[in-house]
Amino acid sequence: MSVRVRFAPSPTGFLHIGSLRTALYNYLFAKHHGGTCILRIEDTDRTRFVEGAIEEQISSLAWAGVTFDEGPHVGGNHGPYTQSERFDLYREYGMKLVGNGTAYYAFDTSEELDAMRLRQQNAGIAPKYDRSSMRNQYTLGELETARLLEEGAMHVIRLKVPLQQDIRFNDLIRGEVVVNGREIDDQILLKSDGFPTYHLANVVDDHLMEITHVIRAEEWLPSTPKHIILYQAFGWEPPKFAHVPLLLNPDRSKMSKRHGDVMVRDFAAKGFFPEALVNFVALCGWNPGTDNEFFSMQELIDSFGLDRVNKAGAVFDYQKLNWMNGEYLKKRNVHDLARELHPKLLERGYPYVSESYVADVIELVRERVAFLADISEFADYLFGDTLAPLTPEAQEVLAKVPTLKTAIETFKTGLSLETLASQDAFKGLAQSAADAAGVKQGALMKPLRLVLTHREVGADLFRTLQLIGVERCVQRFDAFLAG
RNA sequence: GCACCGUUCGUCUAGGGGUUAGGACACCGCUCUUUCACAGUGGUAACACGGGUUCAAUUCCCGUACGGUGUACCA
C-alpha cells in the first residue's frame, strides 16, 4: 500500500514555524516513500476563521518548498479537501455512530457543563463529562430523548467511550502508549450547530482520504486514544501514528510569539533563505545519524525517516539559525544574490549601480554578515556617498595621527587607476604617505579606512578602495581635508 | 489535581551494557589578517536523582524529581 500523509492546518492565522516543520516531515516522509502528500483544511470552527489564512499558509509552505499532491488548491480524487465543504458527511457518519450505539445524544447547556466541572473541581476529581448524571440519552431515557429531539431541543452527539477498557496504540516515534478508558472524556463529535468537532472530522477524513500515516505534533498525543476509539466505533483500521516533538521557547514551553518570530513569513521578511530555514528546522527533532548538517530538500527526502525523529522537544535556537543562513549566504551563487539585492538598493535610496558592481561588493563582504540584506547596511559606503557619522572612538583614532592631513594629501594626489591597479602599487603609495606624515605605514591604515568609510571594520582595504574608485576616494579625501 | 509524553555540554544532537561520552551553534584562547570577519587550531562544558538487574549501567527495569503537553460545543 502506498504511503498517503496529510498536513491539516486550521485557517486561524499565518503559518507557524512549528507547522512548517510538521508539514515538512509529512512531505519528506511521503516523498521518501514515493507516496502522496495531501493538504486538508480543517475549518470546522467558523468562529476562528481568518480571511486569507489558507492562501497565506499555502504560499508560506510553497516559499519553503513544501508542496502538495492533493489539496484544495490542486485538486485530487479524494476531495473536497476543505472540511467546511464536507459537512454533510460528518453528520452522516456521526449518526452512524449513534445508530450503532457508540455515540449518544446529550442535551446539557454550557451553564450546566460549567457547573458540572466546578463540582468536580471542588471534589478534587478530573473534569470529565459525567454520563450518568447529566442530561443525555441514557439518563433521560429513549422516550424523553425522542421527544426532546422532536421538539428541536439543542443537543450534541457525544462519543460513548468504553470505560474499563485499555486503549492502546503504537506510536512510530514513542512506542506503545496505553490509556485507560476511564481517563478519556466522552468527546463531543457533533456540536449543537450540527458542525463536527476536530476529532470526528479528522478521523472521518483520514479514513475517507485513505491516509496511512498521521504525522502531527506531540500536542495531539493525549487525544489520540479518542481517535482510536472512533476508528473502533466505525470498524475502521486506524492509520499509523507518529507524534513529533514540539518546538520550544528558551524556557521550554511550546514555541510562541513574545520570545521571537514564529511565523514563517516573519522569517522570510527577515531575509532568511528558505533553504536555510528548511535545513535548520528539519534538524530540530530529526538527525541523519551522520555529522552532516547541510541538506538540500532532495537530500532531506533521501535521508529522512521517522525512526530518527527524537522524542524530546527542541528549543529553537535563533543563533544557530542565523549561522546557518550565513553559511547559505556564503555558498550561494553571487550573481543570483546580486540580482536579488540590486533592486533593494534603489528602494533604500542608494544611487544606481550596476548589478555586476553589486556582485563585486557581495563577493567582498558576504562572509562578514549573516543576511544578504545586511550587506546594504554593512557596506553603505560602497553604495552611497552619505557616510555614517563618525563615532567618538573613530574621532579619537583620527586624532592620534596629528599629521594625518598631510598623509591624506599624499594619498589624494597619488591616487590613480595605476596605484589602485595592484596591491604593490597601493603599498608604495601608502609608504610615501606614511613618509610624508612621518609615521609608520601600519599606523595609517585604520585612519585611512575611517576617512573613506567612516567605519572601523570592514573588508580588505585595498579591495575596498578599488570598489570605491578614484573619484569617490578623492571626494572623501576632500571632505576630510575640508573638515 | 488527573492523564500522557519527555530528561546526554548553555542550545541542537551522536552514542549506547565496558568509549579519553563524539559533532555542531554559542563562548574563550592561539595562528592568519596592520581591522573585523572567514579559515585553521586548541579549550571550557553534559549522561537529573535514588534504587535494582549485571562482573560491569550514562545505556536495561522500577521509583523520585523536574519539565512539557493535554484536560473546550478550539484545532
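Per chain, numbering begins at 1; letters A, B, ... match sequence-line order. Bear in mind that the values here come from a model prediction, so they are computed numbers and not experimental data.
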Mind checking [X] for me? I need base, sugar-phosphate or nothing, with any heavy atom below 4.0 Å counting as a touch.
X         : value
Lys128(A) : nothing
Arg174(A) : sugar-phosphate
Asp43(A)  : nothing
Val156(A) : base
Ile184(A) : nothing
Val178(A) : sugar-phosphate
Leu221(A) : sugar-phosphate

(message) On RNA chain B, does the nearest nucleotide to Val369(A) precede the nearest nucleotide to Ile173(A) from the 5' side, or the other way round? Give the residue.
(response)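 Of the two residues, Ile173(A) wins.
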Is the shortest distance from a Lys or Arg side-chain nitrogen in [X] or [Y] to a carboxylate oxygen in the other one below 4.0 Å?
X         : Y         : result
Lys191(A) : Asp193(A) : no
Lys331(A) : Glu275(A) : no
Arg117(A) : Asp114(A) : yes
Asp205(A) : Arg40(A)  : yes

Distance between [atom1] atoms of [N] and [M] (Å, rounded):
N       : M       : atom1 : answer
rA37(B) : rG51(B) : P     : 49 Å
rG15(B) : rG68(B) : C1'   : 25 Å
rU34(B) : rC27(B) : P     : 24 Å
rU58(B) : rG18(B) : P     : 11 Å
rG29(B) : rU7(B)  : P     : 35 Å
rC49(B) : rA65(B) : C1'   : 7 Å
rU54(B) : rG40(B) : P     : 50 Å
rA72(B) : rC66(B) : P     : 25 Å

Between [N] and [X], is there an OP1 or OP2 to side-chain N/O distance shorter than 4.0 Å?
X         : N       : result
Lys191(A) : rA72(B) : no
Arg117(A) : rA72(B) : yes
Thr44(A)  : rA75(B) : yes
Arg308(A) : rG15(B) : yes
Lys254(A) : rG70(B) : yes

(request) Please test Phe241(A) against Arg216(A) for side-chain contact (heavy atoms from CB on, under 4.5 Å), starting from the C-alpha separation and ending with a verdict. (result) CA-CA 8 Å; Phe241(A) 290 95; Arg216(A) 60 181 16 166; 3.7 Å; yes
(message) Nearest 0.5 angstrom please: His454(A) NE2 to Asp380(A) CG, how far?
(response)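 One finds 10.0 Å between NE2 of His454(A) and CG of Asp380(A).
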(message) How long is the straight-line distance from CG of Asn279(A) back to CD of Glu327(A), given to the nearest 0.5 Å?
(response)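 So the CD of Glu327(A) and the CG of Asn279(A) are separated by 10.5 Å.
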(request) Taking the six-membered ring for Trp and the full ring for Phe, Tyr or His, determine whether the centres of Trp286(A) and Phe29(A) are under 6.0 Å apart. (result)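 No; Phe29(A) has its ring centre 6.0 Å or more from that of Trp286(A).
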(request) Give me the ring orientation class for Trp220(A) and His199(A): parallel if the planes are under 30° apart, tilted from 30 to 60°, perpendicular past 60°. (result)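 The arrangement is perpendicular - the two ring planes meet at more than 60°.
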(request) Hey, can you tell me if Phe68(A) and Phe7(A) have their rings parallel, tilted or perpendicular (30° and 60° cut-offs)? (result)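 Phe68(A) vs Phe7(A) ring planes: parallel.
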(message) So if I define the base as every atom that isn't primed, P, OP1 or OP2, how would nucleotides 41-46 of chain B read as a B/S/- string at a heavy-atom cutoff under 4.0 Å?
(response) ------
(request) Scan nucleotides 7-13 of chain B nucleotide by nucleotide, 5' to 3', and note B when protein non-hydrogen atoms come under 4.0 Å of the base, S if they reach only the sugar-phosphate, - if neither. (result) S---BBS
(request) Please give the nucleotide sitting opposite rU53(B) as a Watson-Crick or G-U wobble pair, both distances under 3.5 Å, or none. (result)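 Partner of rU53(B): none.
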(request) Taking ring-ring contact (aromatic ring centres under 6.0 Å, His included) as the test, write out the residues that go with Tyr105(A), two or more places apart. (result)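 Residues passing ring-ring contact (aromatic ring centres under 6.0 Å, His included) with Tyr105(A): His155(A).
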(message) Per the side chain to side chain donor-acceptor pair (under 3.5 Å) rule, what does the pair list look like for residues 16-29 of chain A, sequence neighbours excluded?
(response)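 Sorted result for residues 16-29 of chain A: empty, none.
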(message) For Glu367(A), give me all partners under salt bridge (Lys or Arg N to Asp or Glu O under 4.0 Å), at least two apart in sequence or on another chain.
(response)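 With sequence neighbours excluded, Glu367(A) shows a salt bridge (Lys or Arg N to Asp or Glu O under 4.0 Å) to no residue whatsoever.
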(request) Go through the N and O atoms of the side chain of Ser192(A) and the base of rC73(B), and report whether any donor-acceptor pair is under 3.5 Å. (result)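 Between rC73(B) and Ser192(A), which were checked side chain against base, a qualifying N/O pair under 3.5 Å is present.
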(request) Can you sort out which residues in residues 436-452 of chain A have a heavy atom within less than 4.0 Å of RNA chain B? Ascending by number, please. (result)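 Output list: Gln441(A), Gly442(A), Met445(A), Arg449(A).
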